[in-house]
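Pasting a structure below so you can have a look.
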Amino acid sequence: MRLKTLLTATALAAGVAVSAQAADLTVGFSQIGSESGWRAAETTVSKAEAKKRNVTLKIADAQQKQENQIKAIRSFIAQGVDAIFLAPVVATGWDSVLKEAKEAKIPVVLLDRDIDPSGKDLYLTAVTSDSVHEGKVAGDWLAKQVGGKPCNVVELQGTVGASVATNRKKGFDTAIASHPNIKLVRSQTGDFTRSKGKEVMESFIKAEGGGSSICAVYAHNDDMMIGAIQAMKEAGLKPGKDVLTVSIDAVPDIFKAMAAGEANATVELTPNMAGPALDAIIDYKANNKTPPKWIQTDSKLFTAADEPMKVYESKKDLGY
Ligand code: AHR
């Protein structure tokens, strides 16, 4: 039996709704990998949130490869887990394996990234932020900072094909579209990693004649921005002062960079996707309650004016 001990006899007799803590479920989590500080924190928080709710969480690290995620999902199905959490590395290519999960009557919850709308019927709910909005918040912040002045921007994109990379680009492009003084002059993937972010930024600086024409850097995550900051400093540029920076995640290191005057802004993404996902799955199993199709997490802008070292300290409880 998949759902082991959900209701006590007394609760059943009294018809009492089951609290989340009463669950004893096994959930398989196909995690992307550990490409960023945010991702590592998400894994840590997921373990803690599962423990709080007495849920056994089996995590499979896919090392950034979709084929490994597909294998992990098949293995979770074979093990007969109660539910599957999936952080999909890219948006396409899930239909077959998710159909297999559906046929096995195992609900799937998407964490932090989406899949193509064609797969909408193949998962129960998705716990994600509005990643188009995140890009828009970043673009609006930049537009406000530069006013009417000309500004050449370079962009470090996330993993090619990941919903969050597509959407964060879309949101940013929409925000700057009404500001002809802001020009996106270069845009390339840095695969959400610090090392790639640095490498790509070095190539941007070279291509832009040493980087003096670059007014701002937009990165789809903070880790790539930390790498880019390093590249700028090595090239003799002053990030946070001569070159504006705006990125996404709000990991502790970006607040350290802000406190040092080397970064300007970040849009927060909570690493706690598992908490709401677990609550939804427990309620679904115990009370047959279908969650909304999208459980949206907040996106908050932080700037260097927001006491970055205080925020840095407060982040310690969030799995970082
Ligand atoms: O899907 C969320 C993104 O994945 C985070 O913004 C990034 O850091 C991670 O790699």
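One-based numbering, in listed order, for ligands and for the atoms of each. Only this structure's heavy atoms are used, side chains among them; waters, hydrogens and symmetry mates stay out.
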With atoms numbered from 1 as shown, which atoms in ligand 1 lie under 4.0 angstrom from a non-hydrogen atom of R113? 1 (O), 3 (C), 4 (O), 9 (C), 10 (O)
For E35, the ligand 1 atoms whose distance to one of its heavy atoms is below 4.0 Å: 4 (O), 9 (C), 10 (O)
With respect to E262, which candidate in K256, K241, K233 satisfies the salt bridge (Lys or Arg N to Asp or Glu O under 4.0 Å) definition? K233
Just by distance, do the side chain of E49 and the backbone of A274 share a donor-acceptor pair under 3.5 Å? no
Can you report which non-hydrogen protein atom sits closest to atom 1 (O) of ligand 1, along with the distance? D112 OD1, 2.7 Å
State whether K198 and E202 are salt-bridged, where the test is any N-O pair (Lys NZ or Arg NE/NH1/NH2 against Asp/Glu carboxylate O) under 4.0 Å. yes
So, regarding H220 and ligand 1 (criterion: nitrogen or oxygen to nitrogen or oxygen, under 3.5 Å), is there a contact or not? no
Using a strict threshold of under 4.0 Å (side-chain N to carboxylate O), is an ion pair present between D253 and R194? yes
Show your working on side chain to side chain donor-acceptor pair (under 3.5 Å) between S46 and E42 and close with a plain yes or no. CA-CA 6 Å; S46 301; E42 188 195 38; 5.3 Å; no
Could you establish whether I248 and ligand 1 come within less than 4.0 Å of each other, counting only heavy atoms on the residue side? no
Run the numbers for me: atoms of ligand 1, each under 4.0 Å from some heavy atom of S36, listed by number. 7 (C), 8 (O), 9 (C), 10 (O)
Could you establish whether R168 and ligand 1 come within less than 4.0 Å of each other, counting only heavy atoms on the residue side? yes
Mutual orientation of the aromatic rings belonging to F85 and F29 [parallel < 30°, tilted 30-60°, perpendicular > 60°]: perpendicular
Please report which non-hydrogen protein atom sits nearest to atom 8 (O) of ligand 1, along with the residue it belongs to and the distance in Å to one decimal place. D249 OD2, 2.6 Å
Write down the atom of P252, the atom of Y312, and the distance for their closest heavy-atom approach. O-CD1, 3.2 Å
Just to be sure I read this right, does ligand 1 sit under 4.0 Å from the backbone of E42, its side chain, both, or neither, counting only heavy atoms? neither
Numbered in order shown, the ligand 1 atoms found under 4.0 Å of a heavy atom of L269 are 2 (C), 6 (O)
